[in-house]
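Written out below as structure tokens is the structure these notes cover.
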Amino acid sequence: MKDNVSIIGSAHTNVKHDSAIKHVTGRADYTDDIAQPEGTLHAYLGVSDVAHAKLLDIDFSDVLATPGVVGVLTADDVPGVNDISPTHLNDEPVFPTDAIQFHGQPLFAVVAETRDIARRAAELAKIEYETLPHALDPIAAQEAGYPHVTAPLKLERGDVAPAQETAPNRIKGRMSVGGQDHMYLEGHIAFAIPGEDDDVVVHCSTQHPSEAQHMVAHVLGVPSNAVVVNVRRMGGGFGGKESQMNLFCAVAAMAAKKWNRAVKIRPDRDQDMTATGKRHDFVIDYDVAFDDDGRIQAVEGSFAARCGFSADLSGPVTDRALFHADNAYFYPNVRLNSRPMKTNTVSNTAFRGFGGPQGVIAAERMIEEIAYATGQDPLDVRKVNFYGTEDRNITPYHQEVEDSILDRLIGELEETSEYRKRRQDIIEFNKTSPILKKGIALTPVKFGISFTATWYNQAGALVHVYNDGSIHLNHGGTEMGQGLNTKVAQVVAEAFQVDFSRIKITKTTTEKVPNTSATAASSGTDLNGMAALNAVEQIKARLVKFAAETWNVAPEEVAFHANQVHIGQEVLPFDTFIKQAYLARVQLSAAGFYKTPKIHWDRAKGQGRPFYYYSYGASCSEVTIDTLTGEYRIERTDLLHDVGRSLNPVLDKGQVEGAFIQGMGWLTTEELWWDDAGRLRTHAPSTYKIPLASDRPRIFNVNLADWSENRELTIKRSKAVGEPPFMLGISVFEALSMAVASVAEYRECPRLDAPATPERVLMAVSRLQETL
Ligand code: MTE
Ligand code: HPA
Ligand code: MOS
């Protein structure tokens, strides 16, 4: 019955991003493009210029005297609860009442006829305060006796002390790992339109519409059913819009209800960078014991993070750092502690990898320490410590690693990148090159997929088939450029066996799918793809029943194939069949649901199966440094990444490339720098350097492990791709480290801190040269 005719745009094919043309022609609509109703007002935040103080008074007389200013919003204007903490810890006010906790903290908003008026007037407030001593970084905070922002986590397995005592070698060290600004192209924005009674509609750029909805309701003191949050797409989120949008949504909604006019708020880039959270920087103390072959016997680690003034997502972020402090390696005896430190800085938040990269880089540092101590190629040390498949496969959180494909992945990349030969060549080159030095490194990634907050692992979808045969797809995930909507639409196209073009991708809205999770933890497609498939299957089941009864055939004789429906010997075009089903009063709409199976997590015990499965990757980078200036360039990078059976190879490759570059930026040129007063001085692209196109590797080979297939029953056996390849950037960092080590004959681990800016590379070179 089935022939070669197939549909266009099914699963596992290279469908281009559904908005690709709109993105590059400027026709994609973002929140700021929505037509404004007459009388729209604009809000702008007024912020503190001190890191820690008692707030005494704010004098708004000059602000209010400014022509065009409509009014100000302060803590006194909050009708409901003055808290936007995503973890409901009541530690994050919309606007503070008595305590200023960081430089740049939003204290009030000015509402005016134009954005420009609001922005200028916000500078005119006179803030009266009494300064208090501040602590900016996790070490200063520990010394000042600052509290944790949330309960720390401990992971423990085996017996650490005896293993440390009996091991032939033991190294202790400290590593500082910098934070990172999200630098999404589209900054934060919220646009609220008041409705009748308590109603308000908020259009905004958030990864978490349901949380924004609940938060706005909480702040307004109204039930969630009065608030609608809509997101068509974001111009990038990268975790920076998982919780940070709450403030902007709350302010826009409060103002809209207060003045009964539409209100938009859009900070400029400097304010976006100073007033919203970033990746957590960490100070990691490690203690690794190992035998003479480089096999790890025991690991102890303490992970202190700069969390900022409130908890935000710092609990799960620092937890995830511990979950990844093993990366790909078996630790027979291990004890890991997180130290989520309160500091007088902006509250740090989710960022691609969600603490995982900070854990992984600690594991890789320990590998380096061992390699320099034993005189081995670091790749050999990696290999002897990889998780096994039968034994040596229990993680520090007692989950069994069942799906490791690292041996094959690493083996293939080692071959195709010619790692061994090039490493030898580089060692030779370095002997005769006095100024320029090269380095190469091949590093693995293993990344756990699922939200560690188990209840987050659920999703919903809503699918309508209209009686002309066109299909409307809605799900709880949000599009931020990653291609989620494209992939979910491919799943629906394949399930109905219709062309991709028949499916209308629609904005995310709390009106259609309720109680959704953030689109985060790389699980957007895993969760929403399954929920959409579930909806389609419900509709298909009704259609099959209808066809079997009406044409008097067995249900098995009804098949959807290539834009047609085959019913026994009959073949009907899909839309003709749908019209018939409609006339026969078949329900052509369904709400789908999915929850991830198998996962459980007991945080108090530090044991469970937090992850449904792991995604893997490997990366090999070669760099050249100039030992006189510390400048460097990436000569070549080869990536091999595991996405299971790819739903869309071209989109997945895009994610792998982008994540690698973003990870490389985190570890090389992106440096956040606060002065002693607690002012972020790298607050704009002028002073904060993300990688340019010209910084990419000169040779860049990116491949997917096309033989891989998820052993778990994920959507079409694919694997999550959003975050794992971020950590492939670590190969650049380790290659820089090798180039630095060459100046002292590789005798010593250079202990580079991240980011390895040219200054840090130069300082590390000088330090090693002094030891000669
Ligand atoms: N890709 C683009 N283009 N823009 C983004 O903002 N965010 C990343 C990743 N890839 C992001 C991106 C992050 S932090 C996550 S968690 C995932 O996408 C979220 O989407 P997914 O779950 O659909 O992969
Ligand atoms: N990843 C990303 N975002 C999250 C998580 C997580 O594990 N938990 C809560 N928000
Ligand atoms: Mo991604 S940091 O989980 O939004």
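All heavy atoms count here, side chains included; hydrogens, waters and symmetry mates do not. Each ligand, and each atom within it, is numbered from 1 in the order the structure gives.
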*Can we call the ring centroids of F248 and H188 under 6.0 Å apart?*
yes
*Using only heavy-atom distances, determine whether the side chains of S314 and T150 contain a donor-acceptor pair under 3.5 Å.*
no
*Any side-chain donor paired with an acceptor under 3.5 Å for T519 and Q207?*
no
*For ligand 1, the portion of Q207 having any non-hydrogen atom under 4.0 Å away*: neither
*Heavy-atom distances under 4.0 Å are what count here, so tell me which part of A520 touches ligand 3: side chain, backbone, both or neither.*
both
*Taking atom types as modelled, find out whether Y688 and E670 have a side-chain donor-acceptor pair closer than 3.5 angstrom.*
yes
*Answer side chain, backbone, both or neither: which part of A521 comes under 4.0 Å from ligand 2, heavy atoms only.*
both
*Indicate yes or no: does D181 engage K278 in a salt bridge with an N to O separation below 4.0 Å.*
yes
*asked:* Testing the basics here: between T682 and L672, what is the closest heavy-atom pair and its distance to 0.1 Å?
replied: OG1-CA, 3.3 Å
*Would S522 count as a contact of ligand 1 if the rule is a heavy atom under 4.0 Å away?*
yes
*Determine, considering heavy atoms only, which of E242, E186, E479, R352 sits nearest to atom 13 (C) of ligand 1.*
R352
*Nearest non-hydrogen protein atom, atom 2 (C) of ligand 2*: F354 CD1, 3.3 Å
*Find all atoms of ligand 2 within a distance of less than 4.0 Å from any non-hydrogen atom belonging to E242, and give their numbers and elements.*
2 (C), 3 (N), 4 (C), 9 (C), 10 (N)
_Polar proximity ligand 2 side, R320 side, N/O cut 3.5 Å exclusive_ = yes
*To the nearest 0.5 Å, tell me how far D18 CG sits from I503 CD1.*
11.0 Å
*From the candidates Q662, Q482, K241, H182, the one that places a heavy atom nearest atom 21 (P) of ligand 1*: Q482
*Write out the residue and atom name of the closest protein heavy atom to atom 4 (N) of ligand 1, then the distance separating them to 0.1 Å.*
M480 O, 2.9 Å
*Any chance the side chains of H17 and E479 put a donor and an acceptor closer than 3.5 Å?*
yes
*Give the numbers and elements of all ligand 1 atoms closer than 4.0 Å to a heavy atom of G237.*
5 (C), 6 (O)
*With heavy atoms of A520 as the reference, note each atom of ligand 1 found under 4.0 Å away.*
16 (S)
